[in-house]
Amino acid sequence: DNSDFGPQDRDGPHTADAAAAPAPAPSRFGDGSGFTHSRAPVIELVGGMTDGEMEEAAIRFANGDEAGAEAALLEALEHPSAGHEQALRWACALLDLYRATGRQQSFEQAAIAFAQRFERSAPVWFSMPEALESTQAVTPARTVPSRLLVEPIWASPADVDVTAVDTLRLAVANVDPPWFLDWTALERIDPQAVPALGELFAQWCETAVDLRFSGAGRLEATLHDLAHSGRREAGQVSWKLRLDALRIMQLQDAFELAALDYCVTFEVSPPAWEDARCLYHDATIAGTLTVQADATPDDGTAVRGAHGFAPAATIQMGLEPVQASVAELSGTILGEATTALAAVEQARSGALRLVVSCANLVRVDFSAAGSILNWVAGLQAQGCQVQFREVHRLVAAFFGVIGINEHARVMLRPN
């Protein structure tokens with residue numbers, strides 16, 4: 001019954017109602033009787049991945065008409081001739097809308113209908129307004145120190161023991177996120193340190209904290225040595241640490257291979273992938289992080305939560321071996337987007353590959369989208385490849401309406 005989609009008691013935009021907490025999910029590391037295959041690959045927005053209904057909702061949302069966007073998606077979901085892929089796209093966009101506007105009660109009601117209709121787990125709840133508040137709640141006395149991408153707040157020793165984990169715990173307790181951790185020197189994790197380290201990683205999986213790892217490959221390899229196929233003596237705590245680390249680093253394919261090894265080793269059903277709530281970036285020990293507070297430039301552009309990463313901070317672009325500069329667009333961008341794009345351009349610093357994180361990008365209006373279109377078209381003409389990552393579906397569909405996806409890769413939010 002398609003009418004199950006959407007809230008029965010509509011809560012208004014920009015609210016976070018305290019809904020009754022759902023029953024806790026069974027442990028992913030118990031002796032479960034089934035395996036929920038919940039792959040959520042990163043999907044690129046292409047011409048065939050949008051439709052009239054999605055575009056209508058995206059345009060209304062871009063204009064600030066949240067209720068109209070919600071109504072358009074709900075009406076589409078009630079259409080009897082809707083195909084499975086179309087309905088799934090609309091349902092995910094509806095959940096993205098509720099997360100972008102902080103409407104938890106509406107999200108949870110729609111998530112139940114999602115699971116019933118599509119027979120798969122719904123995406124997890126998080127509030128984009130709350131995440132933005134936590135990143136913007138800085139004063140001149142509490143700005144993010146530039147050394148975070150120059151000097152890690154904690155560097156792993158070759159042998160991580162209980163003392164090293166205590167030092168790590170103290171480091172993250174005394175510095176505001178983002179937390180830059182260097183795992184480059186890691187060679188071994190003492191089994192005695194596994195429970196404490198596992199507790200930290202489990203917390204990060206469930207918390208919207210910003211993490212940046214250098215030497216992530218060393219961490220992954222060391223955890224593989226700690227808990228690999230057939231090694232029961234490592235215990236389930238070691239396996240949980242490894243799988244949580246893969247969740248944090250967004251290595252879903254590696255997670256599912258490890259989950260199958262876990263299944264074979266302990267003769268139980270493999271744990272299902274769940275997106276970690278933390279934000280994660282690969283990082284290098286160079287560059288600086290600049291944070292621009294809310295601003296209203298002279299040209300009238302309203303930009304909220306625009307962040308930029310200095311050009312030395314790098315991340316791989318897709319599966320290409322060449323490193324790309326990283327920048328971020330976040331919050332709500334209105335008007336000509338001059339300030340936001342200037343910060344991104346400063347981060348690019350002439351690089352010919354650029355990844356723009358949109359994990360916290362709530363909304364872009366027509367004027368801002370037009371500015372972004374002209375900007376990416378200009379970069380394409382210069383031979384620069386631009387990729388927008390973790391874009392929620394209404395913004396991604398709007399990018400398609402404007403034509404941004406014809407000049408840059410637009411990668412949808414994976415969850």
Side-chain angles (χ1 to χ4, degrees), residues 24-32 35 152-175 177-207 209-278 280-283 285:
S27 169
R28 294 181 294 117
F29 291 87
D31 57 354
F35 171 43
I153 65 168
W154 179 85
S156 170
D159 192 343
V160 170
D161 56 13
V162 174
T163 301
V165 176
D166 287 342
T167 303
L168 170 58
R169 190 187 300 274
L170 183 63
V172 298
N174 289 329
V175 177
W179 294 331
F180 179 23
L181 310 178
D182 178 23
W183 301 94
T184 306
L186 179 63
E187 296 179 2
R188 176 181 176 273
I189 298 174
D190 187 333
Q192 298 298 319
V194 167
L197 188 61
E199 182 179 333
L200 270 180
F201 275 65
Q203 290 174 359
W204 295 340
C205 282
E206 304 303 325
T207 307
V209 65
D210 194 338
L211 296 171
R212 303 165 197 276
F213 290 174
S214 63
R218 286 301 315 146
L219 175 61
E220 182 185 1
T222 304
L223 290 173
H224 177 272
D225 292 339
L226 183 70
H228 54 78
S229 181
R231 187 173 182 184
R232 298 176 65 100
E233 66 273 15
Q236 294 193 1
V237 175
S238 295
W239 281 88
K240 186 177 189 302
L241 169 61
R242 180 188 174 194
L243 292 170
D244 281 344
L246 295 174
R247 291 174 61 204
I248 287 171
M249 294 184 287
Q250 301 173 6
L251 299 175
Q252 184 170 347
D253 289 338
F255 174 96
E256 293 191 347
L257 290 174
L260 290 176
D261 286 344
Y262 172 87
C263 169
V264 171
T265 300
F266 293 98
E267 299 179 354
V268 296
S269 297
W273 168 267
E274 295 178 23
D275 291 294
R277 291 194 61 198
C278 61
Y280 173 78
H281 298 281
D282 286 330
I285 309 177

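Position 1 is the first residue of the sequence; numbering continues from there. Just so you know, these numbers come straight off a predicted model, no measurement behind them.
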Drop me the distance from [X]'s [atom1] to [Y]'s [atom2], to the nearest 0.5 angstrom.
X      : Y      : atom1 : atom2 : answer
Leu241 : Gln236 : CG    : CD    : 13.5 Å
Trp273 : Gln250 : CH2   : CD    : 7.0 Å
Ile248 : Tyr280 : CD1   : OH    : 9.5 Å
Glu256 : Asp261 : CD    : CG    : 12.5 Å
Phe213 : Phe180 : CZ    : CZ    : 10.5 Å
Glu274 : Asp244 : CD    : CG    : 9.5 Å

Exercise answer: donor-acceptor pairs, residues 160-173 side-chain atoms, under 3.5 Å, sequence neighbours excluded:
unit_1 : atom_1 : unit_2 : atom_2 : d
Asp161 : OD1    : Thr163 : N      : 3.2
Asp161 : OD1    : Ala164 : N      : 2.9
Thr167 : OG1    : Thr163 : O      : 3.0

field: Nearest atoms (heavy-atom pairs only) where Ala258 meets Trp239
entry: O-CZ3, 3.5 Å
statement: Shortest non-hydrogen pair, Asp275 vs Arg247, comes out as O-NH2, 3.8 Å
Side chains of residues 185-204: which donor-acceptor partners sit under 3.5 Å, not counting sequence neighbours?
unit_1 : atom_1 : unit_2 : atom_2 : d
Arg188 : NH1    : Asp159 : OD1    : 3.0
Arg188 : NH1    : Asp159 : OD2    : 3.0
Asp190 : OD1    : Gln192 : N      : 2.9

field: Student check: side-chain heavy atoms of Asp210 and His281 closer than 4.5 Å
entry: yes
